[in-house]
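Accompanying notes for the structure given below.
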Amino acid sequence: MEQKVLKRVEPLTVIAHKVGLDIGNGLLIHLWKKLLQCQAHDTLGGSVTDNVAVDIFHCFKEGNEIADGIENMVKKKLAEYLHLDNNQVLLFNTLPYDEVSVDRTIKVLLPSKNIRIEGMRDAVIEDSKYFPERHHILMMTPRGREFTDEPEYFELSIRGKVDMPALGYKVFNIKKADVALPEISYSEASSSASITSGKQTLEFSGGTISLKNSLGEFHNILELVDSSNDGDTYDYSPLADDTEQSLPFQKAVCVVGDKDHPSLIIYGSASLPRELSDRKSSDPKYGELKYELQIEFDENGMLNSHLEINNDVLSHRLRLKFNPEIKSNKVVAGIQACYTESVNQTIPNDWEKHFDEKPVNIFDFDKTLTLSDGQSHFTFWGAGQKEYEHRDDSLYVTLMATTSQLGKANLAWRPGRASGDTTNQGHVMIPTPLAEELGKNKFDFVFELKAESFNMTRTNQLTQKWLNPSISYQKQSLNLFINRLDNKIWETEENPVIPKELSLLKLDPKLNVSAIYPAYSDGKTYLIRIQNMTNLSQPVPNDFLKKAQAVDALEKPIAQKSTIDPFDLASFKIRY
């Protein structure tokens with residue numbers, strides 16, 4: 001939700017202001033407050049009762065609906081201002097960098113797949129849904145009730161390469177063609193499959209995933225590993241005599257038809273003791289863990305991954321394990337506004353004499369993790385994953401650590417007291433069955449292994465590209481529920497004349513822009529925040545400084561600086 005606000009809603013409102021559509025800042029304030037309301041007591045650690053969790057989920061629901069509504073308003077009204085028809089698509093770029101031959105996905109409703117999109121190259125249909133013709137459909141007209149027939153149509157998700165102006169929009173025309181767009185399909189499931197992009201090959205064989213590139217062959221580059229969790233919602237804690245195990249993959253299919261994005265879907269399942277007591281029982285009951293991992297090479301040679309887990313096992317910890325064979329005693333981890341290095345510390349065997357809780361070499365991160373030996377590097381990008389461990393040259397990233405208890409006493413890593421005040425006078429143990437995360441759980445992440453040293457600037461640029469969303473809109477009347485508010489946003493008779501293509505601001509991609517939003521102190525300006533995510537001072541271009549005023553967090557002018565200090569940030573106000 002936070003990324004939706006930062007990467008979609010706020011920049012879209014800036015673009016909207018530029019063309020005469022004023023979205024009140026009160027809506028944005030309400031949206032941010034709703035996001036912050038999700039952070040109830042201990043929510044960041046997931047340590048709340050199920051009753052509070054339900055309230056938090058509802059706050060997320062409300063916040064997402066507000067965000068989607070603002071976005072819907074901007075897209076629909078701009079399409080109206082541009083007088084678009086159903087054979088045109090409006091695409092947005094919410095970052096202040098020109099995009100050249102970048103992958104974007106659009107969603108359209110069309111009567112046929114026999115089309116081409118002017119300005120989109122190497123287009124392929126990723127997903128297709130058919131809607132048959134409907135007869136005798138009621139219409140409310142100025143003449144009263146009338147009936148008509150609705151034609152058949154397809155709901156298509158199309159991916160292709162486009163060029164986009166910085167911080168703006170562009171209209172693409174859809175034309176009829178003699179042949180249909182190519183459509184992805186799937187090979188037969190097999191115990192072995194591989195995909196290749198340039199000099200890289202990803203192979204599934206013998207139940208393992210291997211990567212071949214210019215550095216060599218890396219067997220078991222990625223595993224799913226699982227262990228029991230005897231902890232509570234505050235802390236993971238191991239169960240005595242239990243060991244972490246690698247989960248099996250059984251089969252894979254190749255995605256066929258998209259030559260620019262070779263892709264594998266790898267399937268697996270495992271039967272695991274269903275409850276903690278089953279792990280010590282002579283007659284255990286079992287639950288099933290099913291998982292589906294899709295990995296594709298993107299345009300930068302990175303491995304874009306989507307994992308779906310269907311969880312029917314209680315009290316366990318599931319992690320990704322990467323084996324890039326890079327010898328390094330430190331991990332470079334992204335955190336808010338900079339990077340930090342972690343090095344494992346020696347933990348004394350008699351730690352209980354020195355600490356109330358066992359110190360462990362498990363650390364937090366934000367978005368990126370990197371292992372580097374100076375000649376090559378392995379980098380992981382996580383969408384929501386926040387915890388890692390580096391052990392025996394392997395990198396572990398936590399996906400989920402489920403539990404049925406708010407607080408427990410006498411954990412292996414936290415002896416004595418229970419978190420959550422459950423051992424205080426008048427307090428009781430509180431079960432949290434929702435924290436078992438049963439059912440479907442989805443995770444997105446990216447990784448790469450390259451024969452070059454780690455570079456902060458390059459990593460920042462790749463992070464920006466990965467987080468930059470595909471935002472498109474088609475003005476159509478076949479289905480008014482594709483977007484939540486399409487049937488509630490009424491057209492107006494008098495609209496401003498706006499250009500078919502617009503760019504508000506163009507910057508060097510080396511500048512890491514973390515936020516773009518309308519100013520709260522002045523309706524005629526907008527704010528742009530630049531983070532220097534490197535250990536060197538970063539110059540700010542003179543042409544930018546001529547039209548921008550440096551401001552503080554309250555949007556008050558401050559002294560202009562021509563550079564941004566290492567791991568620092570600067571905010572600027574710009575007039576429309």
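Position 1 is the first residue of the sequence; numbering continues from there.
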* About how many Å separate CD1 of Ile516 and OH of Tyr526, when rounded to the nearest 0.5 Å? -> 7.5 Å
* Taking everything shown except Asp552 itself, do over 12 heavy atoms lie less than 6.0 Å from its CG? -> yes
* For Lys290, all residues meeting side-chain hydrogen bond (donor to acceptor under 3.5 Å, both in side chains), sequence neighbours excluded -> none
* Asked: If we ignore angles and hydrogens, is there a donor and acceptor under 3.5 Å between the side chains of Ser281 and Asp283?
  -> no
* From His390 atom NE2 to Asn329 atom CG, the distance as rounded to the nearest 0.5 Å -> 8.5 Å
* To do: Measure from NZ or CZ of Arg391 to the centre of the six-membered ring of Tyr396, then state whether that distance is under 6.0 Å and the direction lies within 45° of the axis.
  => yes
* Asked: With the threshold set at 4.0 Å, does a side-chain nitrogen-carboxylate oxygen contact exist between Glu389 and Arg319?
  -> yes
* Asked: Roughly how far apart are His219 NE2 and Ile209 CD1, rounded to 0.5 Å?
  -> 13.5 Å
* Could you walk me through whether Arg417 and Glu357 pass salt bridge (charged side-chain N to carboxylate O under 4.0 Å, His left out), step by step? => CA-CA 10 Å; Arg417 71 172 185 88; Glu357 301 181 23; 3.3 Å; yes
* Take Asp298 and Lys465 through the test salt bridge (charged side-chain N to carboxylate O under 4.0 Å, His left out) and record every step on the way to the result. => CA-CA 11 Å; Asp298 71 6; Lys465 287 182 178 180; over 6 Å; no
* Asked: In chain order, what residues pass the ring pair (Phe, Tyr, Trp, His ring centres under 6.0 Å) check against His17, with sequence neighbours excluded?
  -> Tyr576
* Structure fact -> Hits for salt bridge (Lys or Arg N to Asp or Glu O under 4.0 Å) against Asp55, two or more places apart or cross-chain, chain-then-number order -> none
* Decide whether Thr534 and Thr457 meet the rule of one side-chain donor and one side-chain acceptor closer than 3.5 Å. => no
* Hey, mind stepping through Phe445 and Val397 against side chain to side chain contact (heavy atoms under 4.5 Å, CB included) and telling me if it holds? -> CA-CA 10 Å; Phe445 58 94; Val397 179; over 6 Å; no
* Structure fact -> Taking every heavy atom of Pro469 against every heavy atom of Arg8, the minimum-distance pair comes out as CB-NH1, 3.4 Å
* side chain to side chain contact (heavy atoms under 4.5 Å, CB included) evaluation trace for Val551 with Leu527 -> CA-CA 9 Å; Val551 294; Leu527 271 290; 3.4 Å; yes
* To do: Applying side chain to side chain contact (heavy atoms under 4.5 Å, CB included), run through Leu95 and Leu467 and close with a yes or a no.
  => CA-CA 10 Å; Leu95 285 178; Leu467 293 174; over 6 Å; no
* Asked: Which heavy atom in Thr233 sits nearest to a heavy atom in Ser47, and how many Å separate them?
  -> O-OG, 2.8 Å
* To do: List in chain and number order the residues that pass side-chain hydrogen bond (donor to acceptor under 3.5 Å, both in side chains) with Asp366, two or more places apart in sequence or in another chain; answer none if no residue qualifies.
  => Lys386
* To do: Determine, stepwise, if the pair Asp232 / Arg414 fulfils salt bridge (charged side-chain N to carboxylate O under 4.0 Å, His left out).
  => CA-CA 11 Å; Asp232 54 24; Arg414 194 188 66 228; 2.8 Å; yes
* Structure fact -> Taking every heavy atom of Leu167 against every heavy atom of Thr94, the minimum-distance pair comes out as CD1-O, 3.8 Å
* To do: With side-chain hydrogen bond (donor to acceptor under 3.5 Å, both in side chains) as the test, would you mind laying out the steps for Gln294 and Ser305 before giving the verdict?
  => CA-CA 6 Å; Gln294 181 165 356; Ser305 308; over 6 Å; no
* Pair Asp393 + Lys327, salt bridge at N-O below 4.0 Å -> yes
* Pairs satisfying ring pair (Phe, Tyr, Trp, His ring centres under 6.0 Å), at least one member in residues 288-335, at least two apart -> Phe249-Tyr291, Phe322-Phe378, Phe322-Phe380, Phe322-Phe447
* Within a reach of under 6.0 Å around OH of Tyr520, are more than 12 heavy atoms found that belong to other residues, nucleotides or ligands? -> yes
* Structure fact -> Sorted by chain and residue number, the side-chain hydrogen bond (donor to acceptor under 3.5 Å, both in side chains) partners of Asp373 (sequence neighbours excluded) come out as Ser376
* Using the side chain to side chain donor-acceptor pair (under 3.5 Å) rule, collect all pairs that involve residues 333-347, keeping only residues at least two apart or in two chains. => Lys330-Glu341, Tyr339-Asn460, Ser342-Tyr388
* Assess the side chains of Thr402 and Glu436: does a donor N or O sit below 3.5 Å from an acceptor N or O? => yes
* Stepwise side-chain hydrogen bond (donor to acceptor under 3.5 Å, both in side chains) check, Ser571 with Arg529 -> CA-CA 4 Å; Ser571 296; Arg529 184 165 297 117; 2.9 Å; yes
* By ring pair (Phe, Tyr, Trp, His ring centres under 6.0 Å) - contacts of Trp32 (at least two apart) -> none
* Asked: Which atoms form the tightest heavy-atom contact between Ile195 and Ile295, and what is the distance?
  -> CD1-O, 3.8 Å
* **Ion pair Lys4/Asp68, N-O distance below 4.0 Å** => yes
* Start with the C-alpha distance between Asn441 and Glu308, add both sets of side-chain angles, then the distance that settles side-chain hydrogen bond (donor to acceptor under 3.5 Å, both in side chains), and finish with yes or no. => CA-CA 6 Å; Asn441 295 267; Glu308 294 192 9; over 6 Å; no
* **Residues which pass ring pair (Phe, Tyr, Trp, His ring centres under 6.0 Å) with Tyr236, listed by chain and number, not counting sequence neighbours** => Trp413
* What are the two closest heavy atoms between Thr403 and Gly231, and how far apart are they? -> OG1-O, 3.1 Å
* NZ/NE/NH1/NH2 to OD/OE distance under 4.0 Å, Arg317 and Asp226 -> no
* Structure fact -> With sequence neighbours left out, the residues meeting side chain to side chain contact (heavy atoms under 4.5 Å, CB included) with Asp242 are Ser227, Ser228, Leu239, Arg279
* Electrostatic pair Glu448:Arg458 at N-O distance under 4.0 angstrom -> yes
* To do: Of all the heavy-atom pairs spanning Pro96 and Ile528, show the shortest one and how long it is.
  => CG-CD1, 4.2 Å
* Identify, with sequence neighbours excluded, every residue that meets side chain to side chain contact (heavy atoms under 4.5 Å, CB included) alongside Lys251. => Ala189, Tyr267
* Carefully, step by step, assess Gln385 and Lys367 under the rule side-chain hydrogen bond (donor to acceptor under 3.5 Å, both in side chains). => CA-CA 8 Å; Gln385 295 86 49; Lys367 297 185 181 65; over 6 Å; no
* **Any residue meeting side-chain hydrogen bond (donor to acceptor under 3.5 Å, both in side chains) with Thr398, in chain and number order, not counting sequence neighbours** => Glu387
* Apply the test side chain to side chain contact (heavy atoms under 4.5 Å, CB included) to residues Ile70 and Thr13: give CA-CA distance (whole Å), side-chain angles for both, the deciding distance (0.1 Å), then the verdict. => CA-CA 8 Å; Ile70 296 172; Thr13 57; 3.7 Å; yes
* Could you please spell out the steps behind the salt bridge (charged side-chain N to carboxylate O under 4.0 Å, His left out) verdict for Asp312 and Arg274? => CA-CA 7 Å; Asp312 188 39; Arg274 193 165 194 276; 3.1 Å; yes
